[in-house]
Amino acid sequence: MCRHLAYLGPEVPLGRLLAEPEHGLVRQSWAPRRQRHGTVNADGFGVGWYAADDPVPARYRRAVPIWGDAGFADLARVVRSGAVVAAVRSATLPGADGEAAAAPFADGPWLFSHNGAVPGWPESVAPLAGGLAPGALLRLAAGTDSALVWALVLARLRAGDDPGSALAEPVREVAGVVPGSRLNLLLTDGRAIHATAWGDSLWYLADRTAGRTVVASEPYDDDPRWSEVPDRTLLTATRTELSLTPLKEPTP
Ligand code: GLN
């Protein structure tokens, strides 16, 4: 599956978060330490970041492994941001979607990433696709399980749901229809992070004094302040606040 990370805090070069830490996302792409499914994350990668005074983030996504992209190494050295989402991908199924299937997915101010898989995709989850507007299906970001989950989340955001329930409800719906789904989701608008732990590892590092919060599939260093999020939990955080809420079991 993949590994992902979200950061809110003082502006830093992207590389400080992703490349410099001993076990950062770049290294996690070939040597993750806590990944429960899959071995390497070499099916593309993506980074999304916000600039001050612009609510719409920029993205850089590629279909190649993150370690082989010299353009990324260059960008990561000089691009600075105080709100970042990044992911390295291990595809659930072989496909030709390339960078379109690499998280983060985006819409307006939102960035979204899914670490996990929906077994039996696409047939298993077809009953839920019927609940989406036809336009949403035609505009699916890629032909992957993760893009469908994003469409379910986005439909709720557009309907005015708060971001926490826009993540939590699709998790319950998908897990209800396809038990065994792994649904670690990550959503941000650059001001708050919303994330679910459902089937794979999720950790956070909250440094309230520094006004810095990192939420990641796994710790990128051995700082003792990293804490693991219990499975089946919704995490909501800003730079200075963090709360954990147990997620309800799905209704079959
Ligand atoms: N379901 C994802 C995909 O195929 C798997 C990668 C991930 O964990 N994001 O793209």
Side-chain angles (χ1 to χ4, degrees), residues 1-6 18 24-48 59-67 69 84-107 110-126 128-129 132 137 139-154 167 170-171 173-175 177-188 193-203 215-218 220 229 231 235:
M1 302 304 91
C2 77
R3 302 278 81 185
H4 58 202
L5 169 145
L18 308 176
L25 209 68
V26 171
R27 179 141 180 215
Q28 287 170 31
S29 66
W30 51 271
R33 295 191 290 173
R34 310 255 177 193
Q35 193 162 325
R36 298 195 192 138
H37 302 270
T39 48
V40 295
N41 301 289
D43 300 317
F45 71 95
V47 189
R59 280 188 300 169
Y60 180 81
R61 300 184 296 159
R62 287 294 177 265
V64 296
I66 193 169
W67 68 74
D69 188 87
V84 180
V85 171
V88 289
R89 177 173 181 237
S90 169
T92 300
L93 294 177
D97 287 74
E99 75 181 45
F105 299 112
D107 188 85
W110 300 106
L111 289 175
F112 172 86
S113 173
H114 169 217
N115 161 211
V118 180
W121 154 269
E123 285 79 7
S124 61
V125 80
L128 292 178
L132 285 170
L137 275 181
R139 272 194 293 272
L140 219 53
T144 63
D145 50 358
S146 303
L148 180 72
V149 175
W150 168 225
L152 295 170
V153 170
L154 186 57
L167 281 194
V171 166
E173 284 169 9
V174 174
V177 172
V178 193
S181 294
R182 298 192 299 275
L183 298 159
N184 281 38
L185 312 183
L186 196 55
L187 176 72
T188 188
I193 297 168
H194 310 272
T196 59
W198 191 282
D200 211 323
S201 59
L202 188 70
W203 292 70
V215 179
S217 302
E218 56 183 83
Y220 57 55
V229 179
D231 197 44
L235 174 154

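Just so you know, ligand 1 is whichever comes first in the structure, and atom 1 is the first atom listed for that ligand. Since this is a predicted model, take the numbers as computed values, not measurements.
Considering R61, R62, R59, R89 as possible partners of E99, the one that fulfils the salt bridge (Lys or Arg N to Asp or Glu O under 4.0 Å) test is R62.
Near T92, meaning under 4.0 Å from one of its heavy atoms, ligand 1 places the atoms 1 (N), 2 (C), 3 (C), 4 (O), 5 (C). Listed by number with element, the atoms of ligand 1 under 4.0 angstrom from any heavy atom of S146 are 1 (N), 2 (C), 3 (C), 10 (O). Under a 4.0 Å criterion applied to the non-hydrogen atoms of A91, ligand 1 contributes the atoms 4 (O).
The main-chain N or O of Q28 is found under 3.5 Å from a side-chain atom of N41 such that the two form a donor-acceptor pair. T196 contributes a side-chain N or O that, together with a main-chain N or O of L185, makes up a donor-acceptor pair within less than 3.5 Å. Distance alone, capped at 3.5 Å, places no donor-acceptor pair between the H4 side chain and the L25 backbone.
Looking at D145 against ligand 1, only its side chain comes within 4.0 Å, counting heavy atoms. When heavy-atom distances to ligand 1 are checked against a 4.0 Å cut-off, S90 comes that close only through its backbone atoms N, CA, C and O.
For the pair A117 and ligand 1, the shortest N or O to N or O distance does not fall below 3.5 Å. In terms of polar-atom proximity, C2 is counted as a contact of ligand 1, with an N or O under 3.5 Å from an N or O of the ligand.
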Q. For W110 and F105, what are the C-alpha separation, side-chain angles and deciding distance, and is it a side-chain contact (heavy atoms from CB on, under 4.5 Å)?
A. CA-CA 8 Å; W110 300 106; F105 299 112; over 6 Å; no

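Counting only non-hydrogen atoms, the option in H114, R89, H4 that gets closest to atom 7 (C) of ligand 1 is H114.
Remark: distances from the non-hydrogen atoms of A103 to ligand 1 are all 4.0 Å or more.
Atom OH in Y60 sits 9.5 Å away from atom CD1 in I66 (nearest 0.5 Å).
Side chain to side chain, S90 and R3 fail the donor-acceptor criterion of an N or O pair below 3.5 Å.
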